[in-house]
Amino acid sequence: MTLTVTDLTVARAGMPVLEGVSFVVAPGQALVLRGPNGIGKTTLLRTLAGLQAPVAGRVDGAGEAVAYAGHADGIKATLTVAENLTFWARIFGTQGIGTALAAYALEPLADRISGELSAGQKRRLGLARMLVTGRLVWVMDEPTVSLDAGAVEMFASAIRAHLGQGGSAVIATHVALGLEGAALDVSPFRAVLPAPGSDAFDEAFL
Amino acid sequence: MIALFLRDLKLAIRAGGGFGLGLAFFLIVTVLVPFSIGPQTDLLTRIAPGVLWLGALLACLLSLDRLLALDWEDGTLDLLATAPIPLEAVVTVKALSHWVVTGLPLVLAAPVLGVMLNLPLEGFVPLVLSLLLGTPALSVIGTFGAALTVGLKRGGLLLSLLVLPLYVPTLIFGAEAARRGAQGLEAGTPLLLVAGITAFAAGLLPLASAAVLRVNLR
Amino acid sequence: MSLWKYSNPSKFLTTSERILPWVWTLAAICLIGGLVWGFFFTPDDYRMGSTVKIFYLHVPAALMAINAWLMMLIASLIWLIRRHHVSALAARAAAPVGAAMTVIALVTGAIWGQPMWGTWWVWDPRLTSFLILFLFYLGYIALWSAIEDPDTAADLTSITCLVGSVFALLSRYAVNFWNQGLHQGASMSLDKEQNVANVFWFPAVTCIAGFVLLFVALVLYRTGTEIRARRMRALLARERAVA
């Protein structure tokens, strides 16, 4: 599934933040998004995931193919690691959490209550969730936050394996993952806001 | 969907308070009524159906603000919105698990509290039936309110303000059925009406709940 | 084209500013004229005496209480379908006016009810329905003011207005079922045979026209205020974004 983004404008709280964004991510490719904080990377990723509608432009090849990982991991503190993963596997209609546990070295923690995990371990669990979705296009927002060097390496190899199986990924990160893939700095796409008093400003109120 | 339902039940059991809290609240409210109006048995007998309905309604309301807020805070709703299950189904399942955790125990406990309020013998079956038919509507309507206020930091009071007026028809028909039953009158019509409201709410409100949830997620 | 061009905020502001003085004036003429006519130049009712005259406030306010909600419902639908900001803001602007009309209807009703029924308040279906309507207004207004992002607020309140309308209607039938009341049936209607004599009818219609005009004027005025507030917000947000 090729993800094609054409002339996309995205808005946060009614204000356009990025406009004219276009890129293509073919199967087997990863795209790393870069840009300063607050530029609109999260907004762009949420739009790709279908959580919000674009103001203008098109996103093709996403929809039901996308698995999204945001800042929060969607982990229930009172469930065990295995229960959390099994839940998401069943929601996405896939079988088996073994590979996901193995990819992030979570087997020893499988029966631990998630609330007792450290921040980094929780993050690993959140990333392992991507593996049980069975989705091809991974859309990930700052996935390496609170990971140590070893865990970042686990993540990089999980991404490489995913790409090797024909998957693709769009990742917003400031960390070098050692992936051969394009990087896209979104700063040039910062939206130009319509001037006050113009019809566009009037119509949109921003 | 079944996975979501089972997970919610599991969470309710693990978190401890789920089943117990609503019930305890129901008990307290019912016990406070004789304290506030006096212990005259005949008066209690007359108001018992209404008190029990009101208590059940308030107990339902109590747990609504946690219904979606927890899943919102930890990001689960974002992930569910990108999952292959439509959000309409998600909110329906949420309402169903809320009913099983909160509404159903209230229905089962109501006869016991009915005894304490001197509910006449012929009133028990209509009371339980009306609650059984009516409390699902309370959960479904409450889910709409919860979806509406999920993004607000202090949404609890607003949630009550929005949901309580929506509870009016259910309360009127439900309590009317219970009251008619207690007076030995025929309660079929209000029972049918309360069932109608439940069917109507369960059929249509999930669409609205999912729509407002989508708005809140963007 | 046509009517939709007023969905442009600037166009709306200039047009509403031009017609507002006229609407205010007409509203004042109709209200003062109708009320003076009704209070001083109509005979007392043979059963109700002079208390009947509160009718000239009570009935128009009650009508507008419902019509304001209907207007909000239509404006909400327009927002949801066509995404015109003015429409959403007009719905927001109408809500407090509608709530005030509901309060006027309830209070004048209570003042009228005291000599007629011997009580300020009865749990009559009509009275109860209006009370419930007032609660719906309160919830709607509270929801608007609780949400930060204006577009989100517009979406959520619009859907609430839709759902609320359905449940308000359900409540209306529910309270009818619950209690048959003291309140007389609708005493004025266009299709049924008139049970109000012409001498009462003409000042009443003038008062109703006055209330409608007053409502229109208030909503236009308040919508203008909402538009300006919204614009100010946008300008501030823009400044922050550019800085």
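All values reported here derive from a predicted model rather than from experimental measurement. Hydrogens, waters and symmetry mates play no part in the numbers below; they use all other heavy atoms, side chains included. Quick note on labels: first sequence line is chain A, next is B, and so on, each numbered from 1.
- Ion pairing between B/E88 and B/R214 holds under the 4.0 Å rule for side-chain N and carboxylate O.
- Within the 4.5 angstrom heavy-atom criterion, only side-chain atoms of B/I141, from C-beta onward, approach chain C.
- Seen from the ring of C/W79, C/R82 does not count as a face-on cation partner, given the 6.0 Å and 45° thresholds.
- Of the atoms belonging to B/L193, it is side-chain heavy atoms, and not backbone ones, that fall under 4.5 Å from chain C.
- For B/S130, the side chain to side chain donor-acceptor pair (under 3.5 Å) partners two or more places apart in sequence, or in a different chain, are B/W53.
- The contact between B/L158 and chain C is made entirely by side chain atoms (from C-beta outward), counting heavy-atom distances below 4.5 Å.
- Within the 6.0 Å centre-distance limit, the rings of C/Y137 and C/W69 are counted as a close aromatic pair.
- Within the 4.5 angstrom heavy-atom criterion, no atom of B/L164 approaches chain C.
- For B/I172, the part sitting under 4.5 Å from any heavy atom of chain C is the side chain, from C-beta outward, and nothing else.
- Look at C/D151 and C/R83 and you find no salt bridge, because none of the NZ, NE, NH1 or NH2 atoms lies under 4.0 Å from a carboxylate O.
- Between chain C and the options B/L148, B/V168, B/L161, B/L152, the largest number of non-hydrogen pairs under 4.5 Å is found for B/L148.
- A salt bridge links B/R180 with B/E176: at least one charged nitrogen is closer than 4.0 Å to a carboxylate oxygen.
- When heavy atoms are compared at a cutoff of 4.5 Å, C/I147 approaches chain B by way of both its backbone and its side chain.
- Here C/W121 contributes atom CH2 and C/T128 contributes atom OG1; the two are 5.5 Å apart, rounded to the nearest 0.5 Å.
- Each of C/T152, C/L135, C/D149, C/L138 has some count of heavy-atom pairs under 4.5 Å with chain B, and the biggest count is that of C/T152.
- Put simply, of C/D155, C/L162, C/I132, the one with the most heavy-atom pairs under 4.5 Å next to chain B is C/D155.
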